[in-house]
Protein chains: 2
Amino acid sequence: MEKYLKILKKCSLFYGISDDNLLKMLTCLGARIIGFDKKYTIFAEGNTAKYIGIMLSGTAHTVQMDYFGNRSVLSVIKPTHIFGEAFACAEAENVPVSVIASEPCEVMLIDCGHILHTCSNNCGFHQQLIFNLMKDLATKNIMFHQKIEITSKRTTREKLLAYLLFRAKEQGADSFDIPFDRQALADYLEVDRSGLSAEISKLCREGILECRKNHFEFLNKPY
Amino acid sequence: MEKYLKILKKCSLFYGISDDNLLKMLTCLGARIIGFDKKYTIFAEGNTAKYIGIMLSGTAHTVQMDYFGNRSVLSVIKPTHIFGEAFACAEAENVPVSVIASEPCEVMLIDCGHILHTCSNNCGFHQQLIFNLMKDLATKNIMFHQKIEITSKRTTREKLLAYLLFRAKEQGADSFDIPFDRQALADYLEVDRSGLSAEISKLCREGILECRKNHFEFLNKPY
DNA sequence: ATAAATCTGTTGAAATTTCAACGAAATGAG
DNA sequence: CTCATTTCGTTGAAATTTCAACAGATTTAT
């Protein structure tokens, strides 16, 4: 566990908790660590929500599939991020999304029941954990507002620009990377991949953007 | 305040709190009640998040506007519902949405700081309130998943059917009402209003649906 | 290093959405 | 009750997206 202390300390779930208390608490919470290869399913749609995941290394995506196999990407999960907490906290019967490793991952799993309900040792940090969970859920809520702001645009071009402008702002630079390949970006923006590729080329030809794989640069920011 | 006790007791924020404690707590939290006429703005986009709202009577919509005035409806707020809590809990500087009364409303406002930080009277219910807020935020998160599941469909017809099927399931009947007029439904589904009207007519002609204003009935459920 | 598999950009045709405009119906105000 | 306003359904044309197919590039596995 010590190996991951640095990552765990940055995890919002453990805000306000000292190092040695953190380690004790992890034992008390029955935390486990599991590794996943690329493309493996970390949480599967349809299961009961029980565990909160903490990403220790690697990246994963939250995805939703409909009847016809259309894929929608909801969010990106990077080291220090929590996932599955909304379903676990709401004690949902049926999780409507899957979490899929987009690179090899190491994940810490914690049974959410141990966080929400007092543990036998009464280790006294539940209140802080619950407060931290509340903050995290509020932040996730705002993230969804952002995603909806992006995908509510009506054209591929507008969605793409809205997305890229958010990422540029987030990274504080006109030159930045995105955590998606083309298909995943299309699934996040909820548009057709080939149409998305065409739009990227067009923006490059117009001198607004420069793009090499997952790296983008604004030459002329619109708006 | 007593007048609203019946509604407040059903509000998830006050779960697990007895009637007389509830009334005392409202005083301690500095709760205020304000009325709004139809179309009035309850919370305005761009302001700092400070208050949690509780709807006491009437209905409101959460809406987002982009540069060009395109409107997107995020959610419906009915009596007993909480709103604004995500921004207040995350202590957001700039709320990206407005809350607009879609009928005359009465709203209770509570300064969120009084919930998150211990009050001078130390009235001892903060832990319960924070737990309740966490549950509420987890539920809202799931609501957004649902909205995204609906709006990620690529055609007006699929979005409309997905939405109506959710509402039918929610109300446990093939005959049900929706809380939107045509324009608001279009803004929720993120489609063109006239195209939506056309699609509704088509579904009716095909014998799948029956519709009178905001009332819908499935005659033949697809899928 | 080589072969296989995956990812990406292009294309053109078909399907769908958006947009603007209009009249009819419903609602609200005085 | 009447007039003004808003909502709603319809239309046709223009713009955009989706779909399918393909070849070149890149990545992965052996």
From the options [options], select the nucleotide whose nearest atom is closest to the side chain of [X].
{"X": "B/Val191", "options": "C/dT18, C/dA21, C/dT8", "result": "C/dT18"}
{"X": "A/Lys38", "options": "D/dT7, D/dT28, C/dG9", "result": "D/dT28"}
{"X": "B/Arg154", "options": "C/dC7, D/dT18, D/dT17", "result": "D/dT18"}
{"X": "B/Ser201", "options": "C/dT10, D/dG9, D/dT26", "result": "D/dG9"}
{"X": "B/Lys213", "options": "C/dT27, C/dC7, D/dA21", "result": "C/dT27"}

Counterpart residues, side chain to side chain donor-acceptor pair (under 3.5 Å), relative to B/Arg167 (two or more places apart): B/Gln146, B/Glu170
Remember a base hit wins even if backbone is also touched, and classify [X] as base, sugar-phosphate or nothing at under 4.0 Å, heavy atoms.
{"X": "A/Ser194", "answer": "base"}
{"X": "B/Ser197", "answer": "base"}
{"X": "B/Asp181", "answer": "sugar-phosphate"}

Could you state the atom-to-atom distance from [atom1] of [X] to [atom2] of [N] in whole Å?
{"X": "B/Phe68", "N": "C/dT18", "atom1": "CZ", "atom2": "P", "answer": "16 Å"}
{"X": "A/Asn70", "N": "C/dT16", "atom1": "CG", "atom2": "P", "answer": "14 Å"}
{"X": "A/Asp187", "N": "D/dT18", "atom1": "CG", "atom2": "C1'", "answer": "14 Å"}
{"X": "A/Ile200", "N": "D/dT17", "atom1": "CD1", "atom2": "C1'", "answer": "16 Å"}
{"X": "A/Leu185", "N": "C/dT8", "atom1": "CG", "atom2": "P", "answer": "10 Å"}

B/Phe68 six-ring centre to A/Arg154 NZ/CZ under 6.0 Å and within 45° of normal: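 Not flagged: A/Arg154 not positioned over aromatic ring of B/Phe68.
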N/O (side chain, A/Arg182) to phosphate O (OP1/OP2, C/dC7) under 4.0 Å: no
Short side-chain N/O contact from A/Thr156 to OP1 or OP2 of D/dT17, under 4.0 Å: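 Result: yes.
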Mutual orientation of the aromatic rings belonging to B/Phe176 and B/Phe218 [parallel < 30°, tilted 30-60°, perpendicular > 60°]: tilted
Any donor-acceptor N or O pair under 3.5 Å, side chains A/Gln64, A/Ser72: no
